[in-house]
Amino acid sequence: MTSIESSPVNALISRSNRLGSDPRNTNYAGGNTSAKGTAIDPVTSEPIELLWVKGSGGDLGSLTASGLAVLRLGRLRALAGVYPGVDREDEMVAAFDYCLHGKGGAAPSIDTAMHGLVEAAHVDHLHPDSGIALATAKDGERLTAECFGNRVVWVPWRRPGFQLGLDIAAIAADNPQAIGCVLAGHGVTAWAGTSEQCEANSLEIIRTAERFIAERGKTDPFGPVIDGFEPLPEDERHARAAALAPVIRGLASTDKPQVGHYTDDDVVLDFVSRADHPRLAASGTSCPDHFLRTKVRPLVLDLAPGVPLEQTLERLRELHQEYRQDYAAYYSRYATADSPPMRGADPAIVLVPGVGMFSFGKDKQTARVAGEFYLNAINAMRGAEAISTYAPIDESEKFRIEYWTLEEAKLQRLPKAKALATRIAFVTGAGSGIGRAIAHRLAAEGACVVVADRDLESAEKVAHEIGTADKAVAVGVDVTDEEQIGAALAAGVLAFGGVDLVVNNAGLSVSKPLLETTLEDWDLQHDVMARGSFLVSREAARVMKAQGMGGDIVYIASKNAVFAGPNNVAYGAAKADQAHQVRLLAAELGEAGIRVNGINPDGVVRGSGIFAGGWGAQRAAVYGVPEEELGTFYAQRTLLKREVLPEHVADAVFALTAGDLSQTTGLHVPVDAGVAAAFLR
């Protein structure tokens, strides 16, 4: 078979990446592109016509060859002869599998027919804000003709599928002068004989629609600003968002836990300040890609940002109950015996005037993308209102797509969630050593991680090691400073929506005999470990209680919390303080579903920031061994004769928080390879 390099695939991927990298052209993972060409059949050695098309779930901006579905064009087009009609068109998706060429590649998407049945060699189907504005305008067909003449044709609404592919193919054949079409309620499609011309046609449609709206549109399509609904100043806005986010996340997680995303983009702030935003928000989104991620409509707070916080929270709780009732009624109106079960009645988008938008999903990326899609929807509403009246597809059609059996099948194919998926972790002292290992382990198990450390540069390095801001963010914090702790937790709340799992790991040590231990030595160690853990736990408990989702607080204490060693009074006493905080907080926070447990490591030399900072040299001197042999020394005095590493402590944190010990609180777990003198009694 012809290699990819000599096929149209390279041109297709380059075109897709260029189109997909500009949000004016299409939203994340929205739309699809294709190319037709000839390759050599490896069985017959004869030429064969193929279709390369972006597969289900991929993103144009980052598309690679592995994200393409490859089908035999003749077999795909032959499906028109066995098409059973629109009432049974879902069966055609399974039929695509019988058209695949070779092994591997992505699964064909629902839009495959559109690409294969249109005669042109290259096809782009995109979801630009400007195109959707025309597609959702009340008189979109007339406006499309005014905007493009006969170069772009109007296609009446039809759910994506085989019949839509037949419709577009027929329209393209009947209108040889046309470069593309506007799909009512949905988006745009362009075609051409070459990849370059197809891209040019797509951009012509998008940019022409943009200019048309800009030149013809009203100045204030969303109406005047509502008095008192103007955006709060940035500092106040973010403080208010941090106070609201845990409560909103808890409400949005009533049916199943969610991760949150917050944005105060100017587009959102302007929208929720305008007189028409309640009507437009209630109308819901229209493009299938939009409402599959944002739900049929958002929850919109109907209070001004200056209303007292407690009154705002109470109103949000009332609106949430109303939203759940309305969503259940929406499901009941349209569900049939064959419909999948209701997936949950909580909102995916919450709009708060003066503050911004909170969006939710099964992970941070899903939550962020849901917010981006609603931002796209606002832009489309603005365009439609500027030149006409926003008129999205009927609610019944939205339900048909949201609870499509094909969509349900796609959801069922998703891999099983990791053990800590949807959990948001805050780890102190995470810039090195044990904290770094814990942050990495929690992230690997699906958690979003706030990497907190006094050394912000080290925290940023660890966050970067873990991945993008969808996985981890860094905050600088001195845990002895109450104000810094509040700010660090607020930053984590704004990044991910809340906090579920806190690891008090920040620490240091000075090894001295009693008579050489200064007041400064004592205060420093108690301030960082005893006071710091108390402050972090207190502020985290506020967030967890506001969420109402329970949580975990883990203290990295020490074998020295129970074992009395020489020349160690300040460190040992601070660790004993931490150990008793575990018991005290477990007793107090249990009624809120917050579990508090501790871990008692010993001899974690390799990779330890504490040991590298002088503690190792001091302890080596106490025991009379070379510093480089301290880890081996510690191992030999244990029952198992094994050295303890940061990863072993991270393993214990995971064991305590991943769910298998769900009924355990107030426990200390030794991670010391067996030190009989430190056995818990």
Practice task
Indicate yes or no: does Arg333 engage Glu395 in a salt bridge with an N to O separation below 4.0 Å.
Solution key: yes
Completion exercise
Sorted by chain and residue number, the salt bridge (charged side-chain N to carboxylate O under 4.0 Å, His left out) partners of Arg583 (sequence neighbours excluded) come out as none
Practice task
Looking only at non-hydrogen atoms, find the nearest pair between Asn505 and Gly429 and report the distance.
Solution key: ND2-O, 3.1 Å
Exercise for the section: Sort and list the pairs that fulfil side-chain hydrogen bond (donor to acceptor under 3.5 Å, both in side chains) and have at least one residue in residues 585-598, not counting sequence neighbours. Expected result: Asp552-Arg595
Practice task
Describe, in one word, how the ring planes of Tyr262 and Phe358 are oriented to each other, choosing from parallel (under 30°), tilted (30 to 60°) and perpendicular (over 60°).
Solution key: tilted
Exercise for the section: Using distance alone, with no hydrogens and no angle criterion, decide if Tyr330 and Glu402 have a side-chain donor and acceptor under 3.5 Å apart. Expected result: yes
Practice task
Kindly compute the distance separating CG (Leu501) from CG (Leu420), expressed to the nearest 0.5 Å.
Solution key: 6.5 Å
Problem - Any side-chain donor near an acceptor of the partner, Asp478 and Thr480, under 3.5 Å - result: yes
Problem - Side chain proximity check, Val225 to Glu230, heavy atoms < 4.5 angstrom - result: yes
Practice task
Answer yes when Asp220 and Arg274 have at least one side-chain N-carboxylate O distance shorter than 4.0 Å, and no when they do not.
Solution key: yes
Practice task
Please lay out, stage by stage, how Glu310 and Arg315 fare under the test salt bridge (Lys or Arg N to Asp or Glu O under 4.0 Å).
Solution key: CA-CA 9 Å; Glu310 285 306 315; Arg315 183 57 179 154; over 6 Å; no
Practice task
Verify whether the ring centers belonging to Tyr28 and Phe373 lie closer than 6.0 Å.
Solution key: no
Practice task
Indicate yes or no: does Arg207 engage Asp22 in a salt bridge with an N to O separation below 4.0 Å.
Solution key: yes
Practice task
For the residue pair Tyr555 and Ser537, confirm or rule out a side-chain donor-acceptor distance under 3.5 Å.
Solution key: yes
Practice task
List the atom of Ala421, the atom of Ala417, and the distance in Å for their closest heavy-atom pair.
Solution key: CB-CB, 3.9 Å
Problem - side chain to side chain donor-acceptor pair (under 3.5 Å) between His526 and Asp577, intermediate numbers included - result: CA-CA 8 Å; His526 280 73; Asp577 187 312; 5.4 Å; no
Completion exercise
When every non-hydrogen atom of Gly532 is compared with those of Ile485, the smallest separation belongs to O-CD1, 4.3 Å
Exercise for the section: Please determine if Asp394 and Lys398 form a salt bridge, counting it only when a charged side-chain N lies under 4.0 Å from a carboxylate O. Expected result: no
Handout entry: Side-chain H-bond candidate by donor/acceptor type, Asn17 with Ser62, under 3.5 Å
Key = no
Practice task
Mind listing the closest non-hydrogen atom pair of Arg237 and Leu232 along with its distance?
Solution key: NH1-O, 2.6 Å
Handout entry: Salt-bridge contact Glu236-Arg240 (side-chain N to carboxylate O under 4.0 Å)
Key = no
Exercise for the section: Inspect the contact between Arg368 and Glu372 and indicate whether a charged nitrogen and a carboxylate oxygen are less than 4.0 angstrom apart. Expected result: yes
Problem - Salt-bridge contact Glu465-Lys471 (side-chain N to carboxylate O under 4.0 Å) - result: no
Problem - His127 versus Asn376, side-chain donor and acceptor atoms under 3.5 Å - result: no
Exercise for the section: Could you check if a side-chain atom of Lys461 sits within less than 4.5 angstrom of a side-chain atom of Ser458, using non-hydrogen atoms only? Expected result: no
Fill in the blank from the handout: In this structure, CD of Gln581 is separated from CG of Asn504 (nearest 0.5 Å) by 7.5 Å
Problem - Distance, nearest 0.5 Å, that separates CD1 of Ile206 from CG of Leu19 - result: 6.5 Å
Practice task
Inspect the contact between Asp129 and Arg382 and indicate whether a charged nitrogen and a carboxylate oxygen are less than 4.0 angstrom apart.
Solution key: no
Exercise for the section: Compare every heavy atom of Ala557 with every heavy atom of Lys575, then report the nearest pair and how far apart it is. Expected result: NZ-O, 3.4 Å
Practice task
Salt-bridge test for Lys138 and Glu385: reply yes if a basic N is under 4.0 Å from a carboxylate O, no otherwise.
Solution key: no
Completion exercise
Of all heavy-atom pairs linking Arg249 and Thr422, the shortest is NH2-O, 2.9 Å
Handout entry: CZ/Arg454: more than 12 non-hydrogen atoms of other groups inside 6.0 Å
Key = no
Problem - Neighbour count above 12 (heavy atom, 6.0 Å) for Glu318 CD - result: yes
Practice task
Under the salt bridge (charged side-chain N to carboxylate O under 4.0 Å, His left out) rule, collect the residues that match up with Arg216, sequence neighbours excluded.
Solution key: Glu146
Handout entry: More than 12 heavy atoms of other groups within 6.0 Å of Lys218 NZ
Key = yes
Practice task
Evaluate the ring planes of Tyr331 and Tyr403, with Trp represented by its six-membered ring, and classify them as parallel (under 30°), tilted (30 to 60°) or perpendicular (over 60°).
Solution key: perpendicular
Handout entry: Audit row: Gln578, Ser533, side chain to side chain donor-acceptor pair (under 3.5 Å) steps and yes/no
Key = CA-CA 7 Å; Gln578 284 187 309; Ser533 295; 2.7 Å; yes
